[in-house]
Amino acid sequence: MTNRTALISAADSYMGPAIAARFSELGIDVIKGESGQNSDAYCRRLVAASGHIDILVANLALPPHSTPVQDINDDDWQALFDALVHPLMYLVRAVTPQMLARKSGKIIAVTSAAPLKGIPNNGAYCAARGAQNGFIKAVGLELARSNIQVNAIAQNYINNDTYYPDQLLQNEKFIQHVQKNVPTNRVGDAAETAELAAYLASENCRHVVGQIIPLAGGWVT
């Protein structure tokens, strides 16, 4: 893994800290993107300033706006797509030319298992995360013949500051919810996502392409 460079978007939040720490342990040079910077112009500048990128980790998150479908707010809908869907495409579009030129690269999106199962009253969030997953599946097949492996880690019930922060894990009602809904009876550690990302980024991973890999303790399979 040495002499390789990874660009991690929003590296200070969601799964960014865990993945950055694991990559650094493996000798990967990590470039950290800023949170909340999701415009096309920013993504293009970030990729250009980063230079040679062997690994792109599209780490994008926004808390869901839970509401019945008839009450979905236009601004909330747009905010989810602006934070999750559009920047994923911007980042991948910006980094792909250099990877195609080298016929080598890894692209890993940290998405969600929510659209794989569906969550009532979370149609907008499932739509945005589902769009991410659909994009990764298509791009993964498109780029596979150029030796670029593109995959997504579709997670849920993983400890992180956006959805499952430390304080929530101590809430008795939430603990009961987890025991009822998650076959492993627990919330996974962020290190599990980081370890999976490390495998997908490794040179040993050549035959996994276009996959939406659930990491959710059996909540969805």
Side-chain angles (χ1 to χ4, degrees), residues 1-39 42-43 45-47 49-64 79-80 82-85 87-88 90-92 94-95 105-114 125 128-129 132-133 136 150-171 174 178 182 184 186-202 205 212-217 219:
M1 292 283 237
T2 56
N3 301 318
R4 302 178 71 207
T5 299
L7 171 61
I8 303 176
S9 68
D12 62 343
S13 64
Y14 191 36
M15 306 313 300
I19 295 174
R22 182 61 181 137
F23 279 15
S24 294
E25 289 174 356
L26 294 169
I28 300 172
D29 183 22
V30 175
I31 299 172
K32 299 179 179 181
E34 299 177 20
S35 294
Q37 302 292 322
N38 293 327
S39 71
Y42 171 78
C43 292
R45 287 197 304 270
L46 177 61
V47 169
S50 299
H52 182 112
I53 299 169
D54 298 292
I55 306 155
L56 169 66
V57 179
N59 172 60
L60 302 162
L62 189 72
L80 283 163
D82 285 344
L84 302 176
V85 182
L88 174 60
Y90 298 152
L91 288 164
V92 173
V95 81
K106 309 283 187 179
I107 298 174
I108 304 159
V110 186
T111 66
S112 173
Y125 183 75
R129 287 299 197 181
Q132 285 187 315
N133 289 344
I136 289 298
V150 183
N151 296 286
I153 300 173
Q155 65 177 41
N156 196 12
Y157 295 104
I158 297 290
N159 182 210
N160 64 79
D161 61 0
T162 306
Y163 301 103
Y164 299 102
D166 292 341
Q167 60 269 28
L168 179 62
L169 272 55
Q170 308 304 317
N171 181 281
F174 177 72
V178 169
V182 184
T184 58
R186 67 182 185 89
V187 171
D189 192 86
E192 297 188 48
T193 297
E195 199 63 42
L196 179 54
Y199 168 69
L200 294 173
S202 75
C205 181
I212 313 302
I213 304 170
L215 180 60
W219 177 76

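FYI, side chains are in, hydrogens and waters are out, and symmetry mates aren't considered; it's all heavy atoms of this structure.
Of the possible polar contacts, one joining the N59 side chain to the A10 backbone as a donor-acceptor pair under 3.5 Å is found. In terms of modelled atom types and a separation under 3.5 Å, the side chain of R22 and the main chain of A197 share no donor-acceptor contact. Put simply, the side chain of K32 never gets that close to the backbone of A20: no donor and acceptor are under 3.5 Å apart. Side-chain N or O atoms of N159 include one that pairs as donor or acceptor with a backbone N or O of Y164 at under 3.5 Å. Distance alone, capped at 3.5 Å, is enough to place a donor-acceptor pair between the D161 side chain and the Y14 backbone. D54 contributes a side-chain N or O that, together with a main-chain N or O of T5, makes up a donor-acceptor pair within less than 3.5 Å. Side chain of Y157 to backbone of T184: no donor-acceptor contact under 3.5 angstrom is found.
Using a 4.5 Å heavy-atom cutoff, the side chains of V92 and L56 are in contact. By the 4.5 Å heavy-atom criterion applied to side chains, I19 and V110 are counted as neighbours. Looking at heavy atoms from C-beta onward, M15 lies out of side-chain contact with I153 at the 4.5 angstrom threshold. The shortest distance between side-chain heavy atoms of R129 and L84 falls below 4.5 Å.
Taking CG from L7 and SG from C43, the interatomic distance works out to 9.0 Å, rounded to the nearest 0.5 Å. Separation of atoms OH (Y163) and OG (S112) is listed at 7.0 Å; rounding is to 0.5 Å. Taken from CD1 in I212 to CG in N133, the straight-line distance is 4.5 Å, to the nearest 0.5 Å. Atom CD1 of I107 sits about 10.0 Å away from atom CG of N151, to the nearest 0.5 Å. One distance of note links NE2 of H52 with CG of D29; it measures 10.5 Å at 0.5 Å rounding. Here the CG-CG distance, from L60 to L91, works out to 6.5 Å after rounding to the nearest 0.5 Å.
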Apply the test side chain to side chain contact (heavy atoms under 4.5 Å, CB included) to residues Q155 and L196: give CA-CA distance (whole Å), side-chain angles for both, the deciding distance (0.1 Å), then the verdict. CA-CA 11 Å; Q155 65 177 41; L196 179 54; over 6 Å; no

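When every heavy atom of N38 is checked against every heavy atom of A83, the shortest pair comes out as ND2-CA, 3.7 Å. Nearest heavy-atom pair across F23 and A201 is CZ-CB, 3.8 Å. Minimum heavy-atom separation, L46 to G33: CD2-CA, 4.0 Å. Nearest heavy atoms, S24 versus V30: OG-CG2, 3.7 Å. The two atoms that bring A216 and V182 nearest to each other are O-CG1, 4.0 Å, heavy atoms only. The two atoms that bring V85 and A128 nearest to each other are CG2-O, 3.3 Å, heavy atoms only.
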